[in-house]
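Input: a single structure, listed below in structure tokens.
Labels below follow one simple rule: chain letters A, B, ... track the order of the sequence lines, proteins then strands, and each chain is numbered from 1.
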2 protein chains.
Amino acid sequence: MRETAGMATDTGDPAPSGRPATSVDVARLAGVSQATVSYVLNDAPGVTISEATRARVRAAAEELGYAPDASARTLRTGRSDIVLMPLPATPMGALVLSLLNELVERLREHRLTLALYGDARSRGVAAARDWMRWRPAAVLVETDRLTAASVRRLHDGGCATVIGFGPAPSPLVPTMVIDDGAIGACAAGHLLGRGRRDLAAIVPAEPGLDAYGARRLAGVTAAAERAGAVARRVDLPFDEDAAAWLAADWATGTGRPDGVFAYNDEYAMLLVRALQDAGLDVPRDVAVVGADDLPLGRFLRPRLSTVRVAGDVTAAGLAGRLARMVAERDRDPAVTVSLTRVEMVPRESS
Amino acid sequence: MRETAGMATDTGDPAPSGRPATSVDVARLAGVSQATVSYVLNDAPGVTISEATRARVRAAAEELGYAPDASARTLRTGRSDIVLMPLPATPMGALVLSLLNELVERLREHRLTLALYGDARSRGVAAARDWMRWRPAAVLVETDRLTAASVRRLHDGGCATVIGFGPAPSPLVPTMVIDDGAIGACAAGHLLGRGRRDLAAIVPAEPGLDAYGARRLAGVTAAAERAGAVARRVDLPFDEDAAAWLAADWATGTGRPDGVFAYNDEYAMLLVRALQDAGLDVPRDVAVVGADDLPLGRFLRPRLSTVRVAGDVTAAGLAGRLARMVAERDRDPAVTVSLTRVEMVPRESS
DNA sequence: TTGTACGCGTTATCAG
DNA sequence: CTGATAACGCGTACAA
């Protein structure tokens, strides 16, 4: 039945006008000037217009299916309602991507449009001037792609808000901090609490991911040291052979850690499988903790312990915050939003 | 070390000018008229300009860090370089999301920008006029949100290309077909080939997903009928208790199918775990096939058989196709791009 | 209370 | 080959 919808009559306006209606068209139909149309539809402050006229204008706009041209408005006001998000250098992970779906919808409620910009490598002033071409209301970008000069340029150009995200607060702009160290520390704390003293942290051997892995490792190391335990770094590509090789090595028993933080749930699953194939018991011989709380981790044997991240950073909250910063022209670099509220989800694997 | 980058000197232009440079600024600096600037930078056909002048203009543009204002250009030309993608009603799945990362980057190579639009529910003419506010070069949207009137409106408004995606080709616009039936048929063919005669297909009980599930089921049913076998529908929410209940029922033995297509890998993992907990052996008692070829499926016991989908639809190919359609103003509704080249990946679970 | 006029930065036309 | 000049659609002082 939905199949025929394309052919069904449409409840929209009956005027199959050539090109989109302009405010002049509306004015003509309502019998007023174009300025009046603008005043009415924007609820302009400082002007008083009779209720009768307002009604006529609104009716005309409705009848013509008038929608103001975004570029004309932007050109005039010097500011669009676009939130520009230059793509991160490392492909967005499951966390960000899952947020994206709802974030876009919530931004819409604040009349903001998310534009994804595909220049994953450009940085600094050259990047900034490219971003400014759409006069975005806000730019949402990794902090390490910003320089003092580029931020100045964005602000001068009229971009109200620049928000960075990255592993640490930026001195330049408000930052959303993604604290990988805290994730590692959380996992390590759990393992140490269960009596494990000889820890290892997997660092993905994939380029791009290794930086995140290193920061998570640092969190593990710090926590271990505080507890008088040790932690070592283990580089591992996402590859069954490599995992098997590692597991075989550990199975010989001499240098085997008793607790592993596996970077994330996917690496954890790879590792657990390899360890079991090598004859080791999880968690008895080696306890394993992942991160990200993928739904799938619950179905493994043993069920996967994991670090859940970003529990309370809802898309709605993020969008609201962004909208408020845009409205208030907030650009205080001291503002920090922590994206990472970490929480241990203990299950059977540790 | 990257931490201090924000403070480092920037290799960009040395002019911290107030607001972004305009083509008039460039003209002044180069000692030519503004029109000449436009000609040079756009490589205008039909005009001949001395190489010396061209060089002066380019140098001036570079020096000022000039980047043409997107809204002014759009206002003037009536067409932006935006590819507008109104968010699908069902949150984008892993397949689409993973494509997004690279698609954006590839679109960029064709000077196209992807804008995500958060109006997951709006349809028809009202939606179309909203989309037209940015005068997009292309609109990429589910076919069932288009009507004949809305497509006309988009075309009239100057939007070169409207591309739909959905389960079946649209009579209105070029369509990217996502053929869920083929996925189900592929899985069923595999199961039947291994001698299973009593099939079941899981249909997710989640709203939104159930429609996809129903189409995959249809593929299973059709394949089963062709082979003289039977297939039944099993509705299942993504929930361990529900899965346990189902598994317990099947463990009693009377009404148990011998082959199951589990909708996708996630449902398959949920199901396999539940079946095993109920004392059934996979694949001996029940063979299970998933879909999507998640990397994680390889690590299960038994390793998960799955239907791999969209093998050859690369982001690069998609972006290129889109760019070409935009350039050629291609709007032939007969064009169909099949997003689903399905392929069985047999492993241990079937 | 409403209408007139100007300019935002671009592209494109047309005389010089 | 180049320099004025006119739109594009909208917002907003200012005049009526």
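If you check every strand for non-hydrogen atoms under 4.0 Å, A/S23 touches sugar and phosphate atoms only. Using a 4.0 Å heavy-atom cutoff across all strands shown, A/S38 reaches at least one base atom of the nucleic acid. Note on B/V32: only backbone sugar-phosphate atoms sit closer than 4.0 angstrom, heavy atoms only; bases stay farther off.
A salt bridge is absent between B/D81 and B/R135: the closest approach of a Lys/Arg side-chain nitrogen to an acidic carboxylate oxygen does not fall below 4.0 angstrom. Between A/E328 and A/R321 there is no salt bridge, since no side-chain nitrogen of the basic residue lies less than 4.0 Å from a carboxylate oxygen of the acidic one. A salt bridge is absent between A/R76 and A/D69; no separation between the charged side-chain nitrogens and carboxylate oxygens falls under 4.0 Å. A salt bridge links A/R106 with A/E102: the closest approach of a Lys/Arg side-chain nitrogen to an acidic carboxylate oxygen falls below 4.0 angstrom.
Distances from the side chain of B/S33 to the nucleotides D/dG11, D/dG3, C/dT2 place D/dG3 closest. For B/P68, the listed nucleotide lying nearest its side chain is C/dT10; candidates were D/dG11, D/dG9, C/dT10. The side chain of A/A72 lies closest to D/dC10, out of D/dC10, D/dG3, D/dT5. For A/D69, taking side-chain heavy atoms from C-beta onward, the closest of the listed nucleotides C/dG9, C/dT11, D/dG9 is D/dG9.
Rounded to whole angstrom, the span from the CZ atom of B/R135 across to the C1' atom of D/dC10 amounts to 12 Å. Between the C1' atom of C/dT2 and the CG atom of A/N42 lies a distance of 16 Å, rounded to the nearest Å. In this structure, CZ of B/R28 is placed 16 Å from C1' of D/dA4, rounded to the nearest angstrom. Rounded to whole Å, atom C1' of D/dG11 lies 10 Å from atom OH of A/Y66. Between B/R133 atom CZ and D/dC10 atom P the separation is 10 Å, expressed in whole Å. Atom-to-atom, CH2 of A/W134 to C1' of C/dC8 comes out at 15 Å; the value is rounded to the nearest Å. When rounded to the nearest whole Å, the span between CD of B/Q34 and P of C/dG9 equals 11 Å. When rounded to the nearest whole Å, the span between CG of B/L41 and C1' of C/dA12 equals 15 Å.
With rounding to the nearest 0.5 angstrom, the CZ atom of B/R331 is 13.0 Å from the CG atom of B/L172. Distance check: B/L322 CG to B/L140 CG gives 6.0 Å after rounding to the nearest 0.5 Å. Annotation: the span from B/I82 atom CD1 to B/R133 atom CZ amounts to 11.0 Å, rounded to 0.5 Å. Annotation: the span from A/L87 atom CG to B/L114 atom CG amounts to 9.0 Å, rounded to 0.5 Å.
Phosphate proximity of D/dC10 to A/R73: absent, as no side-chain N or O sits under 4.0 Å from OP1 or OP2. Phosphate proximity of C/dC8 to B/S71: absent, as no side-chain N or O sits under 4.0 Å from OP1 or OP2. Listed pair A/T48 / C/dT1 meets the phosphate criterion, a side-chain N or O lying under 4.0 Å from OP1 or OP2.
Nearest heavy-atom pair across B/R129 and A/G65 is CD-O, 2.9 Å.
Side chains of A/L103 and A/L318 form a contact here, defined as non-hydrogen atoms less than 4.5 Å apart. At a threshold of 4.5 Å between non-hydrogen side-chain atoms, the residues B/R56 and B/V32 count as touching. In this structure, A/M92 and A/M85 have side chains that are in contact, with non-hydrogen atoms separated by less than 4.5 Å.
Near DNA chain C, meaning a heavy atom under 4.0 Å from it, residues 74-83 of chain A has A/L75, A/R76 in order of number. Remark: nothing in residues 52-61 of chain A comes within less than 4.0 Å of DNA chain D through any heavy atom.
When only modelled atom types and interatomic distance are considered, A/S71 and A/T74 share no side-chain donor-acceptor pair under 3.5 Å.
Contact annotation: side chain of B/Y39 to base of C/dT13, donor-acceptor pair present below 3.5 Å.
Helix bend of the helix from C/dT1-D/dA16 to C/dG16-D/dC1: the angle between its two end axes, each built from five pairs, comes to 50° after rounding to 10°.
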